[in-house]
Amino acid sequence: MNAAADGFRRLQEIARRAMIERGLEPDYPPAALRQLESIQSPADCCDGALDLRELLWCSIDNDDSRDLDQLTVAEALPSGKTKVLVAIADVDALVGVGSAIDQHARHNTTSVYTAAQIFAMLPEKLSTNLTSLAENQDRTAVVTEMVLAPDGSLLSGKIQRATVRNKAKLAYNSVAAWLDGKAAMPQAVASVAGMAEQLRLQQRVSQAMKELRHEHGALDLRTLEPKAVISGSEIVGLEQEVANCARELIEDFMIGANGVSARFLDRSESPSLRRVVRSPKRWSRIVEVAAELGETLPAAPDALSLSNFLRKQHEADPLRFPDLSLTIVKLLGRGEYVAEMPGRKPPGHFGLAVRDYTHSTAPNRRYPDLITQRLLKAALDIAPVPYGEDELDELARHCTLQEDAANKVERRVRKSAAALFLSDRIGETFDALVTGAADKGTWVRILAPPVEGKLVEGMQGLDVGHRLQVQLASVNIDQGFIDFVRV
């Protein structure tokens, strides 16, 4: 076995070990595999569902994605209004509550994506086939309808069940390059009559939605998440996903659909699982970061003021804005799931500047979305709620913990991959940004390639957001350690 293949196999072993150490199951249990053998076809649509297969549905996702959770389509209405439909794969139709596959998904709560291996929440036979909204296949779906005013504000929203058919499987980067006038129209767009006009309409309405959210204080944060570039079994580089108009289009529609889902459950007097980012605990440091850049933020947390500050900084220095975004993300703190019961006021989402927000748009990949789908279907059918109050509270805590565990696994493997990639660059000097400063240590992120590590010498007087030069001192591939010293 050559060195490159040996390094990749080493990463796979690290990924599996990290899953187990964090309490996640890397393999499907025998009972789940037996259940999987009994599932041979997609779910049939329920009685009374709409037939929406003739609409110009499309999916936009990563180039290599096959677990397609959502489709979108838009229709221009009189007076400048627009109707947007978001179809979400009906995973619950094949994965029942309490089934063996469901129990595995409930334990892990999310798919875990690493450079070495993807640990999918659901078996690929489902997530990339029978429950995926695959191109040119009839599939059952839960559809969110939004009627939007010209300024992007929501005039009405509803939930319905339908049969849909994906007319075009599209990719973020090629669609964005075409919409921005930097590349030719993708063949998958050109081959479907009316799809080009459809996408331009979706882009216009999504931009209005985004602008309105920003006016209400939504934060424009664009961090860099390095991804190992694999050729065969060798890491040949580290690259980062860059925001573009196609990614933002899907993001805007999913945020809108999640809001409609939350409000529908509230109107139905149904419990829900909300996603929240509470008011930041380190706001004082955010104020200091703004002051270092010549700007003033109020003493009390204020999403609109922070949003305006971030937008101004992005316009002034777009190349370094991801570094500022990373600093703010660290200081805001992580999100969490909370169970929301009828009549109880939800805490809202500070970073999105929305009060009503739940995860509902990726049930192939996230268990909270599958929970929400079951709650929505129960409300539509006027059926008993599938989860009790105490159970939903426990699920909220469990999903938060497991999501955090999954993030740590992904981060661990990213660091091991980065350590492997940097293993022959010991002693080199890099520009860096402080991303964490606490009693347990100081962390920095070098800018090129975008890799985070621990500062083991020279951390005195540093805080999140400070810039410095560092030298790569050592790496430990198995532990994912990357150590720097201050120059």
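These figures come from a predicted structure and were not determined experimentally.
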Is a side-chain donor or acceptor of [X] paired with a backbone partner of [Y] at a separation under 3.5 angstrom?
X	Y	value
Asn166	Leu133	yes
Ser206	Asp252	no
Thr114	Ala116	yes
Thr82	Glu75	no
Gln70	Ala89	no
Thr442	Ala437	no
Asn244	Ala246	yes
Asp369	Thr361	yes

Are [X] and [Y] side-chain neighbours, meaning at least one heavy-atom pair lies under 4.5 Å?
X	Y	answer
Phe264	Thr144	no
Val413	Gln117	no
Cys58	Leu71	no
Phe119	Leu24	no
Asn62	Arg247	yes
Arg486	Phe484	no

May I ask you to say whether [X] pairs ionically with [Y], meaning some side-chain N is under 4.0 Å from a carboxylate O?
X	Y	result
Glu336	Arg397	no
Asp463	Arg282	yes
Arg412	Glu21	yes
Glu410	Lys415	no
Glu288	Arg285	yes

If you look at every heavy atom in [X] and [Y], which pair is closest and at what distance?
X	Y	value
Ala162	Val143	CB-CG2, 3.9 Å
Ala18	Val409	O-CG2, 3.6 Å
Thr372	Leu273	OG1-O, 4.3 Å
Gln402	His107	NE2-O, 2.7 Å
Ala171	Ile60	C-CG2, 4.0 Å
Leu422	Ile446	CD1-CD1, 4.5 Å

Can you measure from CG (Leu376) to OG (Ser272) and round to the nearest 0.5 angstrom?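 Output value for this atom pair is 9.5 Å.
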Rounded distance [0.5 Å steps], CD1 in Ile20 versus CD in Glu25: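 Reported value, rounded in 0.5 Å steps: 10.0 Å.
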Listed by chain and number, what are the salt bridge (Lys or Arg N to Asp or Glu O under 4.0 Å) partners of [X], not counting sequence neighbours?
X	result
Glu391	Arg106
Glu269	none
Arg411	Glu452
Glu457	none

Could you walk me through whether Glu315 and Lys312 satisfy the salt bridge (charged side-chain N to carboxylate O under 4.0 Å, His left out) test, starting with their C-alpha distance in whole Å, then the side-chain angles of each, then the deciding distance to 0.1 Å, before giving a yes or no? CA-CA 5 Å; Glu315 292 172 0; Lys312 183 176 180 180; over 6 Å; no
Can you name the side-chain hydrogen bond (donor to acceptor under 3.5 Å, both in side chains) partners of [X], sequence neighbours left out?
X	value
Asp102	Tyr367, Arg374
Ser360	Asn258, Ser261
Ser153	Asp151
Asn364	Asp69, Thr131

Lys377 atom NZ: more than 12 heavy-atom contacts under 6.0 Å: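 Count over threshold, so yes.
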Just jot down the side chain to side chain contact (heavy atoms under 4.5 Å, CB included) partners of [X], sequence neighbours excluded, or say none.
X	answer
Arg204	Arg200, Leu201
Gln198	Leu56, Val73, Ala74, Met195, Gln202
Ser111	Tyr113, Ala120, Met121, Arg365

Under the criterion side-chain contact (heavy atoms from CB on, under 4.5 Å), which of Val91, Leu68, Leu122, Ile118 is the partner of Ser127?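 The option that passes is Leu122.
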Does the side chain of Gln469 come under 3.5 Å of the side chain of Asp431 through a donor N or O and an acceptor N or O?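 Per modelled atom types, Gln469 and Asp431 side chains form a pair under 3.5 Å.
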Partners meeting ring-ring contact (aromatic ring centres under 6.0 Å, His included) with Phe253 (sequence neighbours left out):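 By the ring-ring contact (aromatic ring centres under 6.0 Å, His included) rule, Phe253 matches no residue at all.
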With side-chain contact (heavy atoms from CB on, under 4.5 Å) as the criterion, how do Leu199 and Leu170 come out once you've worked through the C-alpha distance, each side chain's angles and the decisive distance to 0.1 Å? CA-CA 11 Å; Leu199 289 169; Leu170 308 177; 3.7 Å; yes
Between Arg275 and Glu403, is the salt bridge (charged side-chain N to carboxylate O under 4.0 Å, His left out) condition met? List the steps. CA-CA 12 Å; Arg275 179 68 176 176; Glu403 181 182 273; 2.8 Å; yes
